[in-house]
Amino acid sequence: MSLLTSKWEELLLHYTPFNLEFYGALVIQLIFFWGISAAYLALPYISPAFSARHKLQNQAKQPKPSELWDCLWITARNQAVSTLLHIAVLKLGVFLGRPPSYRFDAVLPGASEIIRDLVACCILREVMFYYTHRVFHHPTLYPHREFRDHWGVGLVPWYQHKRSKGENNLKGCKSARISVYQ
C-alpha cells in the first residue's frame with residue numbers, strides 16, 4: 001500500500017465527507033488562489049525588472065497601494081461570504097440526508113480518471129464563467145456595475161461585486177465538478 005493510499009484511508013476514517021469536502025476546498029483555495037495571488041503581488045518587489053517586462057498595463061494604470069488594500073479587503077470579504085455559503089450548502093445537504101456531492105471512496109482514482117476529471121472541470125468552468133461574465137458586461141448592466149475585475153492584480157478574480165462573484169465563480173466551479181459525476 002502506498003503512502004498516499006494509507007494517508008487517504010486515515011483521512012476517511014477520522015473525518016466526515018462534509019469535513020473533507022469543506023476543508024479540502026478551503027485548502028485548495030488557500031494554496032491556488034491566495035498563494036498564487038500573493039506571489040503575483042510580491043513579484044514587483046522580489047524581481048522588479050522581470051515584473052516590469054511582463055506587465056500588460058502601463059505604469060500609469062497600475063493600482064495604488066490604497067487600491068490594493070481595498071482590493072484585499074473586498075477579496076477577503078468575498079472569501080468569507082463564499083466560505084459561509086459553502087458551509088450552508090453542505091449543512092443543508094447533511095440535514096436533508098443527501099449524499100456528498102463529491103465521491104469519497106477508499107480506493108483512490110487512477111491517473112486517467114484524474115486527468116479526465118481535471119480536463120472536464122476546467123473546460124466546463126471556463127465555458128460557464130465566460131458566458132455568465134459576458135452577461136454582466138452587457139450594455140444595460142455594465143454602467144450600473146463597478147468592474148474592477150480587469151485590473152492587473154493577483155486578487156482580481158475575487159475582487160468583484162458579490163453577485164457577480166457568486167454567479168460566475170461559485171456556480172461555475174461547483175457545477176463543473178458535480179456534473180462530472182452526475
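All values below come from the heavy atoms of this structure, side chains included, with hydrogens, waters and symmetry mates left out.
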>> One pair to check against side-chain contact (heavy atoms from CB on, under 4.5 Å): Thr16 and Val94. What are the steps and the verdict?
In response: CA-CA 11 Å; Thr16 66; Val94 169; over 6 Å; no
> What closest approach, in Å, do Leu20 and Leu11 show between heavy atoms, and which atom pair accounts for it?
Replying inline: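 So the minimum-distance heavy-atom pair works out to CD2-CB, 4.1 Å.
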> For His14 and Glu10, which heavy atoms make the closest approach, and how far apart are they?
Replying inline: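 Between these two residues, the closest heavy atoms are ND1-O, 2.8 Å.
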Pairwise distance [atom1]([X]) to [atom2]([Y]) - rounded to 0.5 angstrom:
| X | Y | atom1 | atom2 | answer |
| --- | --- | --- | --- | --- |
| Ile36 | Leu41 | CD1 | CG | 12.0 Å |
| Cys71 | Asn78 | SG | CG | 9.5 Å |
| Phe33 | Ser82 | CZ | OG | 10.0 Å |
| Ile123 | Arg125 | CD1 | CZ | 13.5 Å |
| Asp117 | Ser112 | CG | OG | 9.5 Å |
| Leu90 | Leu85 | CG | CG | 11.0 Å |

>> We want to know whether Gln79 and Thr75 form a side-chain donor-acceptor pair, criterion being a heavy-atom distance below 3.5 angstrom.
In response: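 On atom types as modelled, these side chains do not qualify, holding no pair under 3.5 Å.
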> Do the non-hydrogen side-chain atoms of Leu96 and Leu92 ever get within less than 4.5 Å of each other?
Replying inline: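 Yes - at least one pair of side-chain heavy atoms lies under 4.5 Å apart.
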> So Glu9 and Thr5, side-chain hydrogen bond (donor to acceptor under 3.5 Å, both in side chains) or not? Walk me through it.
Replying inline: CA-CA 6 Å; Glu9 288 176 354; Thr5 303; over 6 Å; no
>> Assess the residue pair Trp8 and Phe104 against the criterion (side-chain contact (heavy atoms from CB on, under 4.5 Å)); give the C-alpha distance rounded to whole Å, side-chain angles, the decisive distance to 0.1 Å, and a yes or no.
In response: CA-CA 10 Å; Trp8 177 244; Phe104 294 101; 3.8 Å; yes
> Is it true that Glu21 and Arg103 have a side-chain N and a carboxylate O under 4.0 angstrom from each other?
Replying inline: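 Arg103 and Glu21: not salt-bridged.
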> Does OH in Tyr23 sit with more than 12 non-hydrogen atoms of other residues, nucleotides or ligands closer than 6.0 Å?
Replying inline: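 Result for OH/Tyr23: open.
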>> Students often mix this up, so state it plainly: with edges at 30° and 60°, are the rings of His86 and Phe22 parallel, tilted or perpendicular?
In response: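 Geometry flag for Phe22 against His86: tilted rings.
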